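Please see the structure below; I have some questions.
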There are 2 protein chains.
Amino acid sequence: MILLTRNITSYSMDTKKLIEMLREKGFKVTPQRLAIYEKILANKEHPTVDQIYQEVQKKFPTLSLTTVYHTLHLLTKIELLQELRCNNGVSRYEPDKTPHINIICQNCGAISDYQSKNVENFLLQLKKELKTKLLGNHFEIQTICEKCRKQG
Amino acid sequence: MILLTRNITSYSMDTKKLIEMLREKGFKVTPQRLAIYEKILANKEHPTVDQIYQEVQKKFPTLSLTTVYHTLHLLTKIELLQELRCNNGVSRYEPDKTPHINIICQNCGAISDYQSKNVENFLLQLKKELKTKLLGNHFEIQTICEKCRKQG
DNA sequence: AAGTTAATTAATAATCATTATAGTATATTT
DNA sequence: AAATATACTATAATGATTATTAATTAACTT
Ligand SMILES: [Mn+2]
Ligand SMILES: [Mn+2]
Ligand SMILES: [Zn+2]
Ligand SMILES: [Zn+2]
C-alpha cells in the first residue's frame, strides 16, 4: 500500500504543524495519524472516538479502533487536542484550543462552540488572580439545543 | 430495622429542605436519601459515587451502590445537586449551586472551589448574551495543586 | 536499497463505571 | 393494622475504554 504520496504542498497548515511536531518528538508520521487529525479539524461537532473511527475508516478500511484510541491519546499528550468527557462519559475531542465555551445539549449531547469578548476577558482576569500556572480549562454550559426544542 | 427514629429537630436546615422537597414531589423520605445528601454536604471535595457509597455504607451496611446512583440522579433532577464529569469520565457530585470555578489537580484529581467577583460578573454577562435557557454550567481549570507541587 | 525501529492490525480478554432487572422491604396512606 | 405504591438490595448485563498478545506493515536512517 503506497500511502504517503501526496505532495507536501497539498497539506494544510494544521497538518504541516502536526507533521513538524511528530518529527520533533521522534514520532513517526503516518497517514492514519494525519487522517485522524484532519477529520477532527474538519468536524466542528466535537466528535466521539467511534465517530472518528467510522469516518476515517472510509479512507482506510483496515483502520483499527485501537489505533484511533492510541492516536487520540498521543495528539492529546502533545497538546494538539483536548479530551472532553461531558455528558455520559463518552470521550469527545476538541481541536480548538482558543478560549471559548462549549454549549452542550442535555438531550442529544451535541456540542457547539460559543465565543465572545467576555470569555477572553474573563480568562485574562482569572490568570491575574490565580497564582498557579494554568494547564488547561474547560467551560461548559448545559442547555437544550434548538433542534431538540422543536421536537419537544 | 427501625430507621427513621431521629427527632425531627435534630435535622439540619439542608436536610429539612430535602425532606420538604421530597414530600412536595411525592417522593418518599428514606434514611438512605437523607444520609447520602448529608454526606455530600459534609464532604467539600466533590466526592465520587463510590466515595459516597463507601462513606454512607459505614452507617448503613446493607446500602447498595444502585441506591446511591438512583438517589444521586434523583437529587440532581430536583436540582439539589449538580453532576460533574471532569477528567476521566467518573461522576462527581457538587452541592454548591452558586457560580464558581472548580480547580482540578491534573496529578491527584482533587477539586477545590474558586470564587470571585470576576466569576460572578462573567456569568451575569453570559446570561445576557445567550438567548437560550441555562440548565446548568461547569467551569473548570486544570492545574497542579500545591500539595502535589511540593512533592514534585 | 537494506536494515532498524516503531506503528498498525487483529483478536481477545480484562476493567470499570454505570444501568437494568426482579424480588424483597419499607414509607406512607387509609 | 392493612393496603399500596415506592424504594432498596443483590445480581446480572452493558458498553466504552484499556490491556495483551503476536504478526504484519510501513516510516525513517544510513
Ligand atoms: Mn469547543
Ligand atoms: Mn465546586
Ligand atoms: Zn439536542
Ligand atoms: Zn494534586
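Each chain gets a letter, A, B and so on, in the order the sequences are listed, and its residues count up from 1. All of these numbers come straight from a predicted model, not from anything done at the bench.
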Fill in: Residue-phosphate contact under 4.0 Å: A/Arg33 side-chain N/O, C/dT8 OP1/OP2
yes
Discussion item. Strictly below 4.0 Å: does A/Arg23 bring a side-chain N or O up to OP1 or OP2 of D/dA27?
Written reply: no
Fill in: Whole-Å gap separating P (C/dA27) and CG (B/Leu22)
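After rounding, the gap between these two atoms is 13 Å.
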Worksheet item: Would you say D/dT9 has OP1 or OP2 under 4.0 Å from some side-chain N or O of B/Thr62?
Response: yes
Worksheet item: Counting just side-chain N and O atoms, does A/Thr30 come under 4.0 Å of either OP1 or OP2 of C/dA6?
Response: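 A/Thr30 to C/dA6 OP1/OP2: no side-chain N or O under 4.0 Å.
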Practice prompt. Please state whether the base of D/dA5 and the side chain of B/Lys28 form at least one donor-acceptor pair under 3.5 Å?
Written response: yes
Practice prompt. Let me know the distance between CD of B/Glu24 and P of C/dT28, rounded to the nearest Å.
Written response: 15 Å
Item to complete: Using heavy atoms to find the nearest nucleotide of DNA chain D for B/Gly26 and B/Pro61 separately, return the residue whose nucleotide is more 5′.
Response: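 Nearest nucleotide further toward 5': that of B/Gly26.
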Practice prompt. Taking A/Arg92 for its side chain and A/Leu84 for its backbone only, find out whether a donor-acceptor pair lies under 3.5 Å.
Written response: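 Looks like no, no N/O pair under 3.5 Å.
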Practice prompt. Write down the distance between CG (A/Leu75) and C1' (C/dA7), rounded to a whole number of angstrom.
Written response: 14 Å
Worksheet, complete the sentence: Rounded to whole Å, the CZ-P distance (B/Phe60 to C/dA25) equals 18 Å
Worksheet entry | Separation of atom CD1 in A/Ile19 from atom C1' in C/dA7, rounded to whole Å |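 In whole Å, C/dA7 C1' and A/Ile19 CD1 are 16 Å from each other.
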Item to complete: Ignoring hydrogens and angles, state whether a donor on the side chain of B/Glu83 or B/Thr76 is under 3.5 Å from an acceptor on the partner side chain.
Response: no
Discussion item. So, OP1 or OP2 of D/dA7: does either fall under 4.0 Å of a side-chain N or O from B/Thr67?
Written reply: no
Item to complete: Please state whether the rings of A/Phe139 and B/Phe139 are parallel, tilted or perpendicular, taking 30° and 60° as the class boundaries.
Response: perpendicular
Worksheet, complete the sentence: When the rotation axes relating C1' atoms of four end pairs to the next four are compared across the helix from C/dA1-D/dT30 to C/dT30-D/dA1, five pairs an end, they differ to 10° by 50°
Discussion item. Between A/His100 and A/Glu94, is there a side-chain donor-acceptor contact under 3.5 Å, judged purely by atom types and distance?
Written reply: yes
Worksheet item: Does the A/Arg33 side chain pair with the main chain of A/Leu72, one donor and one acceptor, at a distance under 3.5 Å?
Response: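 Answer holds: no.
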Fill in: B/Leu63 CG - C/dA25 C1' separation (whole Å)
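My rounded result for the distance is 14 Å.
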Worksheet item: Strictly by modelled atom types, are A/Gln32 and A/Thr71 linked by a side-chain donor-acceptor pair under 3.5 Å?
Response: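 On atom types as modelled, these side chains do not qualify, holding no pair under 3.5 Å.
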Worksheet item: Is a side-chain donor or acceptor of A/Thr143 paired with a backbone partner of B/Lys133 at a separation under 3.5 angstrom?
Response: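 Answer holds: yes.
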Fill in: Below 4.0 Å: OP1/OP2 of C/dT9 and any side-chain N or O of A/Gln32
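A/Gln32 to C/dT9 OP1/OP2: side-chain N or O found under 4.0 Å.
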Worksheet entry | Any donor-acceptor N or O pair under 3.5 Å, side chains A/Gln51, A/Glu55 |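 Per modelled atom types, A/Gln51 and A/Glu55 side chains form no pair under 3.5 Å.
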Item to complete: Provide, to the nearest angstrom, the distance between the NZ atom belonging to B/Lys25 and the P atom belonging to D/dA5.
Response: 22 Å
Discussion item. Side chains of B/Gln54 and B/Asp50: any donor to acceptor distance under 3.5 Å?
Written reply: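 On atom types as modelled, these side chains qualify, holding a pair under 3.5 Å.
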Atom pairs under 3.5 Å, N or O on each side, protein against nucleotides 18-22 of chain C: can you list them with distances?
residue, atom, partner, partner atom, Å
C/dT18, OP1, B/Arg85, NH2, 3.3
C/dT18, OP1, B/Ser91, N, 3.0
C/dT18, OP1, B/Ser91, OG, 2.9
C/dT18, OP2, B/Tyr69, OH, 2.4
C/dT18, O5', B/Tyr69, OH, 3.1
C/dT19, OP2, B/His73, NE2, 3.4
C/dA20, N6, B/Thr66, OG1, 3.2

Discussion item. If you only use heavy atoms from C-beta on, which nucleotide in D/dA7, C/dA7, D/dA10 is closest to the side chain of A/Phe27?
Written reply: C/dA7
Worksheet item: Once you round it to whole Å, what is the distance between P of D/dC8 and OH of B/Tyr53?
Response: 14 Å
Item to complete: Indicate yes or no for a side-chain donor-acceptor contact from A/Gln115 to the backbone of A/Thr98 under 3.5 Å, with no hydrogens or angles considered.
Response: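 Not a single qualifying donor-acceptor pair exists.
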